[in-house]
Amino acid sequence: MKAALNKNYWDSRYQDGSTGWDLGGVSPALRAYIDQLENKDLKILIPGGGNAYELAYLHQQGFTNSYLIDLSPTALANFKKKNPSIDEKFLIEGDYFEHSGQYDLIIEQTFFCAIDRTLRAKYADQTHQLLKPSGKLVGLLWSDDFGLDAPPFGGTKEEYLGYFDSLYTIQTMSKSHNSIKPRAGRELFIILKK
Ligand SMILES: C[S@@+](CC[C@H](N)C(=O)[O-])C[C@H]1O[C@@H](n2cnc3c(N)ncnc32)[C@H](O)[C@@H]1O
C-alpha cells in the first residue's frame with residue numbers, strides 16, 4: 001500500500017536514520033550557485049530542507065536572512081544541535097503548502113521529488129506565491145522518472161515544463177554539470193524566475 005507522505009512518515013525516517021537522500025554536506029551545484037550571489041540580504045527559503053547543510057552554509061557565508069521549513073521535528077532538532085549558533089527563528093516547523101511569506105530565492109533539493117505526485121502543480125503555484133516579483137526558484141530536479149510508488153519519484157523535463165512554464169521564465173533547466181557522483185548525469189539544474 002502507498003504510504004501517506006505526512007509528518008509521521010518523514011519524522012520516523014529521521015528517527016530511524018533511514019535518510020538515503022542525505023548528502024552529508026552541501027550540494028556542490030548549490031554551493032556554486034550560492035557562491036556567485038552578491039546580495040547577502042536576499043530572503044531565502046529551503047523547503048523540505050531536512051538536515052539542511054545549505055542553510056548552515058548560507059548563514060556561514062553571511063546570508064543571514066535564510067530559512068528552512070520542514071515537517072519533521074526530528075530533522076529540525078538535529079539541525080539545532082549541529083548548528084547552535086543559528087537562531088531558531090530561521091527554522092520553521094510546518095507544511096510548505098500552508099506556509100506564507102515572501103522570498104527572493106527558494107532553493108530546491110530532493111523536496112519536489114519527495115512530495116506526492118498529485119501535489120506537483122500545487123508546488124509550482126505555492127512556490128510562485130511565496131516568491132517576490134522576479135524572485136527565483138533554483139535547485140536540482142531528477143532528469144528521469146523512476147516509476148516508483150514511493151519517493152524519490154523523479155520526473156522528466158517535459159513534465160516539469162507542464163507545471164512551471166506558464167508561471168515562470170525558465171532561465172535554466174539543463175543537465176547539472178556538478179552533481180555528486182552517484183547523481184551525475186541524472187539531475188537538471190533549474191533557475192526559474194517568477
Ligand atoms: C527526501 S527529504 C530531502 C531533505 C533535504 N532536502 C535533503 O536533500 O537532504 C524530503 C524532506 O521534505 C520534508 N517534507 C516533506 N513534505 C513536506 C511538506 N509538505 N512541508 C515541509 N517539509 C516537507 C521531509 O520531512 C524531508 O525532510
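Counting convention: from 1, in listed order, for ligands and their atoms alike.
Atom 4 (C) of ligand 1 has as its closest protein heavy atom Gly48 O, 3.2 Å. With hydrogens left out, the protein atom closest to atom 20 (N) of ligand 1 is Tyr96 N, 2.9 Å, a heavy atom. Taking atom 19 (N) of ligand 1 as the reference point, the nearest protein heavy-atom neighbour is Asp95 OD1, 2.9 Å. Given atom 21 (C) of ligand 1, the protein heavy atom at minimum distance is Gly94 O, 3.4 Å. In this structure, atom 9 (O) of ligand 1 lies nearest to the protein heavy atom Trp21 CD1, 3.2 Å. Considering only non-hydrogen protein atoms, atom 14 (N) of ligand 1 sits nearest to Phe111 CE1, 3.7 Å. At the shortest separation from atom 10 (C) of ligand 1 among protein heavy atoms lies Thr110 O, 3.6 Å. Trp10 NE1, 3.3 Å is the protein heavy atom nearest to atom 15 (C) of ligand 1.
For Tyr123 and Glu108, the side-chain atoms include at least one donor-acceptor pair closer than 3.5 Å.
Geometrically, ligand 1 and Asp22 share no nitrogen or oxygen pair separated by less than 3.5 Å.
In this structure, Tyr33 and Lys136 have side chains that are in contact, with non-hydrogen atoms separated by less than 4.5 Å. In this structure the side chain of Ile44 never reaches within 4.5 angstrom of the side chain of Glu54, judged on heavy atoms.
The aromatic rings of Phe112 and Tyr160 stand perpendicular to each other, their planes meeting at an angle above 60°, with 30° marking the opposite boundary. Taking the six-membered ring for Trp and thresholds of 30 and 60 degrees, His99 and Tyr103 have ring planes inclined between 30 and 60 degrees apart. Using cut-offs of 30° and 60° for the angle between ring planes, the Phe97 and Phe111 rings count as tilted.
Between Tyr53 and ligand 1 there is no heavy-atom distance shorter than 4.0 Å. A heavy-atom separation below 4.0 Å is not found between Ala75 and ligand 1.
Test Leu137, Thr127, Thr169 against Leu192 for side chain to side chain contact (heavy atoms under 4.5 Å, CB included) and you get one pass: Leu137.
Close contacts of ligand 1 with Phe97, meaning ligand atoms under 4.0 Å from a residue heavy atom, involve 19 (N). Near Ala114, the atoms of ligand 1 lying under 4.0 angstrom from a non-hydrogen atom of the residue are 1 (C), 10 (C).
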Mind running ring pair (Phe, Tyr, Trp, His ring centres under 6.0 Å) on Trp21 and Trp142 for me, showing each step along the way?
-> CA-CA 12 Å; Trp21 59 79; Trp142 293 106; over 10 Å; no

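In this structure, the separation between CG on Asn78 and CG on Asp22 is 9.5 Å, given to the nearest 0.5 Å.
Considering each of Leu71, Asp70, Thr74, the one bringing a non-hydrogen atom nearest atom 24 (C) of ligand 1 is Asp70.
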